[in-house]
Each structure stands twice: as C-alpha cells, then as structure tokens.
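Only one structure is covered here, and it is reproduced in the block below.
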Amino acid sequence: MRWSRAFIPTLREDPAEAEAISHRLMVRAGLVRQLAAGIYVYLPMGQRVIDKINRILREEIDAIGGQEMTMPVLHPAEIWQTSGRWHDIKEEMFRLKDRNQRDMCLGMTHEEVIAWLASREIRSYRELPQIWYQIQTKERDEARPRSGVLRTREFWMKDSYTLDVDEAGLGKAYDLHKEAYARIFGRCGLTFYVVESDPGMMGGAGAHEFMAPSPAGEDEIARCPACGYAANIELARSVPAPTPAAAGPREEVATPGVRTIAELAGFLGVEPAQTIKTLLSVAPDGPVLVLVRGDQQLHEKKLARLLKAEVRPAHPDEVRETLGAPVGSVGPMGARVPILADEALRDGVYVAGANREGYHLRGVRPGTDFTVTTFADLHVAQAGEGCPQCGKPIVVERVIEVGNIFKLGTKYSVPLKAVYLDEHGRERPIVMGSYGIGPARIAAAAIEQHHDADGIIWPWAIAPLQVHILPVNVKDAAMLETAEALGRDLQAAGLETLLDDRDERPGVKFKDADLLGLPIRVTVGALLAREGKVEVRTRRERQDIPVPAAAVVERVRELAERLAR
RNA sequence: CGGGGCGUGGCGCAGCCUGGUAGCGCACCUGCCUUGGGCGCAGGGGGUCGCUGGUUCAAAUCCAGUCGCCCCGACCA
C-alpha cells in the first residue's frame, strides 16, 4: 500500500473532544471519525484492525464448533414482547414503527432471534448441541456514549449462542467459550483478567467478564494476586479488618451538629470502623434500613440483588418521617422497618445514631440491642481488604470489559418455546448460553495498553499493516526505488507493507509513522548511498539496526517472528 | 435524568466581560528553497461566528429559546 494513494488522515493535534488515550490516538492516527455522539465511521486503517480482530474471532469460535450466520438488525416487536424484554428494557432500545404502524426495534442483542430460530428448527435432542454466532452491529441508545469507541451506540459485536439439552451441556459449551476467549484476547496482545460478573438482566445461572486493565475503563474489579480470585466490583467479596474493640456501656451522647461518619468519629475520638453507617433505602415493598460499618461504602447493586428489586436512597423528609430524626442522627435502635446489615457488623460494639436529633448511642451491639432482619454482603470491596478465598490483601483495578459470557439457562427458550424432544419423547426447553466480544473495544484496549507519547504500538496480530517503509526523500531516485523494491520483496514474503511515498519532510513522515504505530519500520535514508544499507527498527524498541538492503526481508522475518511471539 | 463545560475557515484556539462588522497557529493552493524527527521565504484561497427569535443605529459579543458535542454522576443484557 502506498501512503500517497491511501486515505490515512492523520492529525497533528489532539481533537478537542477526545479525552481517553485510545480515543485521541484513534482519531489522530486516522482510524476513525465520529459522525454523532457514539456513532463512528471506521476509516481504512481502522477497518483493517477490526478485520484482523474479526479474523481471529472467527478462527477461534470456528475451532470450538461455532457456525457463523447473520441475523437481522431490524426486529419485529413480537419476539421481544414474548421474552418480556420489550417492557423490561426502557430507553436503551431503539424503537420504531414500520409503514403499517407495526412496532419494530433495532437489535441490542440476539437471544430472542436465536430462541425464535431454535423454536422453529430444532426438534430433537439429536440436533443438539449447536453453537451459532455472528459478527454484526448492535444498536443501543446509550445514556451516555463516551471514551471514543469504548462506549458507543452502534458497535460491532461477535455474539455467539449455545443450545444444549441440559445444564451439563451448557457447562461444557460455557467452558469452551471461556477457553476460546482467553486464546482470543491473548492473540490480540491484551493483558486481561477473567472475573466473576453479575448476570444482570440477562438472567441465568452464571457469568464471567473478560477485563482488560486500563485507567480508561469504566468498570472496576477486585482481584487477589495471591490466589487468583477476581470479580467485578459489583459482586466482589472482601473481608474487612476486624472491628477495633471498644469498651463501655450503652449510653446516649450529645453530638451537636454531627452529620457525617468522619465528623462523628472525630467528635467522639473513635475509629470510623467503630461506627455504624445507617442508610434508609426505599424498595417497591417499602423502606428498609441498611447498615454498613462506618469505614465501608454500601454497594447499591448488592442491595438491589439481595432485595431482587430496584432501590433508591430515601429523601431527607422520608428519613425524618420514618425514623423521627434527620439523616445525620439516624440509627437502627427502635426503627420499625426491616434492617439489613453488612456482615462486618455481626461482631463488635459501635456508635450509632440515636434517632434523636443531635444524639448518638455508644456501646451498640448489633443482634443484641436491635434485631437484624438479614445479614448480607452489602459493602464495596476496597483495596487492601482480605481476599474472600485466601485472606491475602486484594487489589482494585480499573478495567475495560472486552468480553462476557452468560449461562442463560431456559430464560429465553421457555417463553419463546424453543423446545426439543429428549430420548424418552419428553418435551424439554433448550438450555442456552450467550457470549459476546466487542472488536472495537479490543482495538481500543490494545491501544490503551500499548502506546507511548508519540503514538500507538500495535500488537503484531492486530496491526493494520505490518511493515512501514519510509524513504526519507522521495526525490532521491535511489531511495525511492530501493524502498519500492523492498516493498515488493516484503510483500512477496507475505508481509503487509505501507510505503510512505509522500513528498514530505522526513520529520513529518517519522511522526506519522510513530503515530500509526506499525510494528516494524524500514527507513531508507542517507545510509543507502554511503553503505548500501537501510535501517530496520521495531516500533516498541525504536532502535535502528543498519541492514544491507539485500538482507532486509530476512531481518524483518526474524523480527516478525519475535513480535508475533 | 442530575451537575459542569464547550460550539468562531479543515484542525487547534483568541476575540465575548466593556456591542462598531473577525484574528492567530497549523493545514490547503502557487512559486522559490530545503530534505534524518511536524523546514524557510514570498504570494494566495477559504468563515451567514451552531440555529431561531429579541434588544440596538449597529450583535461573534447582550437577552431568551433551541440544537449539537464533551466531561463527572446515574444508567449500562
């Protein structure tokens, strides 16, 4: 490929709207352009990266028995009404009507279509298992698209679905995907973790996410470097340090003006961990009192999961109405609503609000002084707390979710009547799994993990092209001819090349080469006339190695082998 | 949906507070020059200042509305 005839619109400066590193570099290197919030055009270099990733996806999913198909983006409302998600999902689904006023929507995912297909075509256990997949765009009206290509309203997704006769079959299909995913992300050059995740509205029995660590990520995980425990922060467990012992009888103390845990601890000279944080939450069935230790944060997702319902914090006037005291002075004593307490509060003696404005109680023992309806894990796991498996300190990291796998079970097959006859002639629902990977997120995560101040450093397997040939001065006939000859030779050797034949100053071309980040660069410059040599360097090491022109293919091959690992 | 910010040639920005008819850098075009890290000189093209309405003799500038984009939070199958 010749740069002079290619469309690679690089930018000298960072675009104003781009914040995340991958966003800035993808725009500056001419990979993508934004059409609207969360809607992107993939330019030729960006498309090549996506193609490379998709090729790896196809190879690995095919290898576990996946069969590629293509499903529609436009769906009739019926199948979504049947599964119940037409109503469960709100503004996030793009909805429209056709000319006959029939309800339609744009596909956010394809469980319904798969279940519909299976319901019509699968009859017998003899036809199972199946692994079906597609690589296609998904449409979701995201509340807030952000970080360039990391969270968009239209995005590519490799989504596969498994159909099995029973849970055991699903387990096998699930494990096959888990292994395939690890190979995929490894091949793409990503550092990643496999973490336990919340199945959420996908429903079902189990789920994992594949997470690429990066400060640009939107999710957090807790993991244990010692034993390998890893989970999304939404369900990560942790063992907080024991509550410091406290002596003294139960007594009411005046705490004028104290509103926060920090103020309370400071005022009374106790540790935050020796206090109880009392929060009133409102669930559909009414208010509940939620207690966490003063040094902990309530995780609303955990609370919602426990109550199996959406919850919201109570308004200050609701707090006063329910407990007879303002927010800063409330506590569990005497409360006439269900009390949910974090497990860290099973033991210990605490300071808690007295439900009387300006007063707190010392010497409060949960379970003794008041009745806890349910003890549960309700706190946010924090760095340094104990691993739930081995007790060693956990770490908390920001990550980009690059893939997820769900055990769906029969959540979609039952309503959509995707059933088969087993060997005894009994009708049974198909057991499903669903598995997603976002190719654009892989690309962005790779950039987040592999870049320097000057640009992208592409992992070999997903680089748009492999070798950047850079004649320093194209008006020098010998340089240009040598560069062209090298391009032909390298291509003949099976390598993908970009020849920067533009009549630009060397500095401009060097900067662009660093920005685009092809793994290997061959510079044809003054050394050619002097010694008959050109220079070969890797983008990562940036160390020029003089090589006789005739030995370039050999040298590049060696480097390629090393870079491809 | 709550909070904050920004819309001025292709890109990045100044001008706005204190109204007087638009400027800088880069990019682009022409010529000369230069060629190992975003050269130099000279000349040139390109903008209804997001949109609508209002105030005013006069609006990029003041007022109202509206649209778009970004960031934080909520949300996220």
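All chains are named by letter (A, B, ...) in the order of the sequence lines, taking the proteins before the strands, and each is independently numbered beginning at 1.
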### Side chains of A:His110 and A:Lys138, donor plus acceptor under 3.5 Å
yes
### Residue whose nearest RNA chain B nucleotide is more 5′ - A:Lys90 or A:Pro15
A:Pro15
#### Entry: Base versus backbone protein contacts along nucleotides 40-47 of chain B [heavy-atom cut-off under 4.0 Å; B, S, -]
--------
### Query
Taking a pair as Watson-Crick or G-U wobble with both distances under 3.5 Å, which nucleotide is matched to B:A22?
none
## Note on the structure
Taken to the nearest 0.5 Å, the spacing of A:Ile456 CD1 from A:His451 NE2 works out to 10.0 Å
#### Entry: Value rounded to 0.5 Å, distance of CG in A:Asp512 from CG in A:Leu518
11.0 Å
#### Entry: Between CD1 on residue A:Ile135 and CD1 on residue A:Ile53, distance to nearest 0.5 Å
10.5 Å
### Task
Both distances under 3.5 Å, Watson-Crick or G-U wobble: report the partner of B:G40, or none.
B:C32
## Note on the structure
Which of A:Tyr133, A:Trp156, A:Tyr181 passes side-chain contact (heavy atoms from CB on, under 4.5 Å) with A:Ile437? Answer is A:Tyr181
### Message
Taking the P atom in each of B:C11 and B:G50, what is the distance between them to the nearest angstrom?
### Response
13 Å
## Note on the structure
Test side-chain contact (heavy atoms from CB on, under 4.5 Å), reference A:Val547, set A:Val522, A:Val552, A:Leu527, output is A:Val552
### Between C1' of B:A77 and CE of A:Met432, the distance in whole Å
12 Å
### A:Arg33, CZ: over 12 other non-hydrogen atoms inside 6.0 angstrom
yes
### Message
Counting only Watson-Crick pairs (N1-N3 plus N6-O4 or O6-N4) and G-U wobbles (N1-O2, O6-N3), all under 3.5 Å, who is the partner of B:G45?
### Response
none
### Query
Quick one: A:Glu91 CD to B:G2 P, roughly how many Å, whole number?
12 Å
### A:Pro471 backbone acceptor or donor facing A:Lys509 side chain under 3.5 Å
yes
## Note on the structure
Value for CZ (A:Arg521) from CG (A:Leu559), rounded to nearest 0.5 Å, stands at 13.5 Å
### Query
With both distances under 3.5 Å as the test, what is the Watson-Crick or G-U wobble partner of B:A74?
none
### Task
Write down the distance separating the C1' atoms in B:A64 and B:A22, rounded off to the nearest Å.
25 Å
### Query
According to the interplanar angle, ranging from 0 to 90°, do the rings of A:Tyr40 and A:His23 count as parallel (below 30°), tilted (30 to 60°) or perpendicular (above 60°)?
perpendicular
### Task
For nucleotides 33-38 of chain B, just jot down a letter per nucleotide in 5' to 3' order: B, S or -, based on protein non-hydrogen atoms under 4.0 Å.
-BBBBB
### Query
Rounding to a whole Å, what distance do you find between A:Arg305:CZ and B:A77:P?
12 Å
### Task
Write down the distance separating the C1' atoms in B:C16 and B:U8, rounded off to the nearest Å.
11 Å
### Whole-Å C1' distance, B:A42 and B:G36
27 Å
### Query
Say you pick atom P in B:G12 and the same atom in B:C6; how far apart are they, in whole Å?
16 Å
### Query
To the nearest 0.5 Å, how far apart are CG in A:Leu31 and CG in A:Leu516?
7.0 Å
### Query
Can you tell me how far P in B:G25 sits from the matching atom in B:C41, rounded to whole Å?
11 Å
## Note on the structure
Quick tally for nucleotides 65-75 of chain B: nucleotides whose base has a protein heavy atom under 4.0 Å get B, sugar-phosphate-only ones S, the rest -, giving ----SSBBBBB
### Task
Would you give the length of the straight line joining atom CH2 of A:Trp80 to atom CE of A:Met108, rounded to the nearest 0.5 angstrom?
6.5 Å
### Message
I'd like the C1' distance from B:A14 over to B:C49, given in whole Å.
### Response
13 Å
### Query
Taking the same atom, C1', in B:G4 and in B:A74, what whole-Å distance lies between them?
15 Å
### Query
For B:G53, which nucleotide in any strand shown is its Watson-Crick or wobble partner with both distances under 3.5 Å?
B:C63
